[in-house]
Amino acid sequence: MSPRGLDFIRKWTANNIDVRLRYLGEGRAHMLAITCRMDACALSISLQEMEDEVGDIEVAFIRFIEGRPTIL
């Protein structure tokens, strides 16, 4: 478990996803996940650190932007 991974993804989500907007389709979540992974990599935070906390990032983003329960 990595609190660092969860902290990063929560901050990244708060700064990069406007929950007032309804993003269209899974393609948008896919692009968000790619961008998040690149930003995390720049800070030496691994995909594994994040996915240990939230599961598949793309699925977590889909749930988040659709307003379904998530830990983000």
Side-chain angles (χ1 to χ4, degrees):
M1 296 248 158
S2 171
R4 185 173 87 125
L6 183 58
D7 288 344
F8 172 80
I9 203 162
R10 282 184 172 159
K11 288 176 186 172
W12 190 92
T13 301
N15 290 326
N16 292 282
I17 300 177
D18 185 346
V19 296
R20 295 171 298 176
L21 302 175
R22 290 290 174 216
Y23 293 91
L24 301 175
E26 294 180 9
R28 182 65 181 153
H30 178 74
M31 293 307 297
L32 290 167
I34 289 171
T35 304
C36 179
R37 287 191 296 258
M38 290 187 320
D39 291 348
C41 183
L43 297 173
S44 298
I45 298 171
S46 72
L47 176 62
Q48 189 64 50
E49 284 181 272
M50 294 183 291
E51 289 193 339
D52 281 349
E53 300 298 325
V54 300
D56 183 276
I57 289 178
E58 190 171 330
V59 172
F61 285 162
I62 290 168
R63 295 173 99 161
F64 182 75
I65 62 181
E66 290 179 349
R68 290 190 268 158
T70 180
I71 63 169
L72 297 183

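The structure displayed is predicted, hence computed values, not measured ones.
Annotation for Trp12 and Leu32: closest pair CH2-O, 3.4 Å, computed over non-hydrogen atoms. Residue Glu49 comes nearest to Glu53 through the heavy atom pair O-CG, 3.6 Å, listed as atom of the first residue, atom of the second, then distance. Between Thr13 and Phe64, the shortest heavy-atom distance links the atoms CG2-CE2, 3.1 Å. Of all the heavy atoms in Ile45 and Gly5, the pair that sits closest is CG2-CA, 4.3 Å.
Interatomic distance, CZ of Arg4 versus CG of Asp7, reported as 10.0 Å (0.5 Å rounding). In this structure, CD1 on Ile62 lies 10.5 Å from NE2 on His30, to the nearest 0.5 angstrom. Here Arg10 contributes atom CZ and Asn15 contributes atom CG; the two are 14.0 Å apart, rounded to the nearest 0.5 Å.
In this structure, the side chain to side chain contact (heavy atoms under 4.5 Å, CB included) partners of Ala33, at least two apart in sequence or on a different chain, are Arg37, Ile57, Glu58, Phe61.
Counting heavy atoms from C-beta outward, Thr35 and Asn16 have side chains that stay 4.5 Å or more apart.
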